[in-house]
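Before any comments, here is the structure.
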Amino acid sequence: MSALPLSQRMRSLQRRLRLLAGLVLLVFVTMHLVNAALGLMSIEAMEQAKPFLQLPWRTMPGLVLLSAAALVHGVLGLMAIAGRRSLALSRTDWLQIVLGLFATPLLINHILFAQVFSLIDAGFKPDFGLVLAAYWHFAPANALLQVLAVVVVWVHGAVGLYTWLVLKPIWRRLGLILTPLFFILPVAALLGFVQGGKDAMARLAAEPEWQAAIAASMARFGHAEAEIGAIRNTTLLAYVALVLLACGVMVRRVLGNRQQVVSVHYDGDLLGQGRPGLSLLEISLSSGIPHAHVCGGRGRCGTCLVAVDEGTANLSPIGADERATLARIKAGAGQRLACQARLLGESVSISRLHPAYADVTAARDPAGWVAASAGGAISQTLPSQAVP
């Protein structure tokens, strides 16, 4: 019990570091997408914007920051997977896990081939025309792989940013700007990449001397390809090993200690059961009992709020994140967040204070929403939902 507050503080710190690293990666991808979208205008426009949008990431400080962000975000993501105690996840969480697992190796490959190469061979400084022509003429599969990396990371980051910001009052204004950008920017980038490739191929056909320049660039690339490939293969093998380790730890946690059963008694004479150490929300979802959790069980929204009727001593202590959310939503005495309160003893009796269909408006103004929807403990009749 004494170590629990420390573990809660560590989880809180990990979430903040993961968010910060994710924001760095999202800025990187956004700048790349903007640069690619300028291909709709011309290759010259892409080249003129390059010093502001791409070259900062090819300096040593930029590369260190980018690599550290990718490493921190990837490792902490795997730690989050390993730390899961239940597979009762929303569709959004499953999407984020799958995209995150694919995003890391794709981003590793992109960083190595697009960034490290310029450091290995300092003399290699091609313009966008040469790069696009080389991609579309010599290595179209690798070009599509680079595009896939940026798009996967963008979708993963955009979903994460949305689920973080949508709960905040400022989203009512920011959403008017960001929501269209979430869709417009990647589409414009793909179209710009294709149009830039067409322009580069047309120039290649019209200017034979360009073929010699591209051949020289590909020769430089060939000299460093083995070295880059060795780094990439070693890095990806280490990543696969970490993924398997994280999944193995998760499976052991999910399947372990099934002999001991704890019980949650709900309003409406419902009964949920699970293993010791699961949160009240995890027991609800795994038992098929509807329970609001707009933020996906991250302790941000307060919609999973419950009143503890009996068995308070059997719950884990209140951590810093839960305390902050309880204060923000002006929770009363004896009330807990179901996603943060873990059942350590035999049983607890609770009353759910929001209906399962509570939405983001309930997260932004829980007290006002409850008052508008009749308040108090509410009968649960509809399936629970997380942020879409």
Side-chain angles (χ1 to χ4, degrees), residues 4 7-8 11-12 15 80-81 83-94 96-97 163-164 167 250 253-254 257 261-268 270-312 314-326 328-329 331 334-360 362-363 366 369-370 377-388:
L4 187 59
S7 66
Q8 289 176 337
R11 286 196 295 270
S12 178
R15 284 195 292 268
I81 292 175
R84 292 212 61 85
R85 301 177 297 266
S86 168
L87 295 180
L89 298 170
S90 68
R91 290 188 296 271
T92 302
D93 286 332
W94 279 117
Q96 285 295 79
I97 288 175
T163 57
W164 174 50
L167 303 175
M250 179 188 68
R253 288 171 65 92
V254 170
N257 195 20
V261 177
V262 293
S263 301
V264 179
H265 300 272
Y266 298 83
D267 50 279
L270 297 174
L271 175 66
Q273 292 185 317
R275 304 187 322 278
L278 291 180
S279 70
L280 299 178
L281 179 62
E282 288 172 329
I283 293 175
S284 296
L285 300 181
S286 61
S287 300
I289 296 176
H291 205 137
H293 57 293
V294 168
C295 70
R298 294 173 175 83
R300 298 172 182 167
C301 66
T303 56
C304 66
L305 187 69
V306 298
V308 182
D309 303 318
E310 294 181 12
T312 301
N314 292 331
L315 296 175
S316 61
I318 299 177
D321 288 344
E322 181 181 4
R323 192 179 306 279
T325 300
L326 289 173
R328 178 178 61 81
I329 65 175
Q335 295 180 356
R336 296 290 305 270
L337 298 182
C339 66
Q340 301 299 304
R342 294 194 289 142
L343 183 52
L344 306 178
E346 292 184 0
S347 66
V348 67
S349 296
I350 63 173
S351 298
R352 295 158 293 172
L353 300 180
H354 288 86
Y357 54 82
D359 56 17
V360 292
W369 195 88
V370 169
I378 303 174
S379 175
Q380 310 293 305
T381 57
L382 296 179
S384 60
Q385 297 178 357
V387 172

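Everything quoted here is computed from the prediction, not taken from an experiment. In this chain, residues are counted from 1 in sequence order.
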* To do: Would you please test Asp321 and Leu337 for side chain to side chain contact (heavy atoms under 4.5 Å, CB included) and show each step?
  => CA-CA 10 Å; Asp321 288 344; Leu337 298 182; over 6 Å; no
* To do: Output the distance between atom CZ (Arg84) and atom CD (Glu282), rounded to the nearest 0.5 Å.
  => 6.0 Å
* Look up atom CG in Leu278 and atom OG in Ser286, then write down how far apart they are to the nearest 0.5 Å. => 6.5 Å
* To do: Carefully, step by step, assess Asn314 and Leu343 under the rule side chain to side chain contact (heavy atoms under 4.5 Å, CB included).
  => CA-CA 6 Å; Asn314 292 331; Leu343 183 52; 3.9 Å; yes
* Which distance, rounded to the nearest 0.5 Å, do you find between the CD1 of Ile283 and the CD of Gln273? -> 9.0 Å
* **Cys339 side chain reached by His291 side chain, heavy atoms, under 4.5 Å** => no
* **Any donor-acceptor N/O pair, Arg352 side chain to Ala338 backbone, under 3.5 Å** => no
* Asked: So do Ser263 and Leu271 actually touch side chain to side chain, heavy atoms under 4.5 Å?
  -> yes
* Closest approach of Gly288 to Pro290 (non-hydrogen atoms, all atoms of both residues) -> O-CD, 3.6 Å
* Asked: Out of curiosity, Ser284 OG to Ile350 CD1, how far, rounded to the nearest 0.5 Å?
  -> 5.5 Å
* Measure the shortest side-chain to side-chain distance between Arg342 and Val262 over non-hydrogen atoms and say whether it is less than 4.5 angstrom. => no
* Trace of the side chain to side chain contact (heavy atoms under 4.5 Å, CB included) decision for His293 with Leu285 -> CA-CA 10 Å; His293 57 293; Leu285 300 181; 3.8 Å; yes
Would you list the atom pairs, donor with acceptor, under 3.5 Å between side chains in residues 299-311 and any protein atom, with sequence neighbours excluded?
{"residue": "Thr303", "atom": "OG1", "partner": "Val294", "partner atom": "N", "Å": "3.1"}
{"residue": "Asp309", "atom": "OD2", "partner": "Ser351", "partner atom": "OG", "Å": "2.9"}

* Trp94 and Leu87, any side-chain heavy atoms less than 4.5 Å apart -> yes
* Set of residues satisfying side-chain hydrogen bond (donor to acceptor under 3.5 Å, both in side chains) with respect to Gln335, sequence neighbours excluded -> none
* Asked: Short question: side chain of Arg336, backbone of Ser316 - any donor-acceptor pair under 3.5 Å?
  -> yes
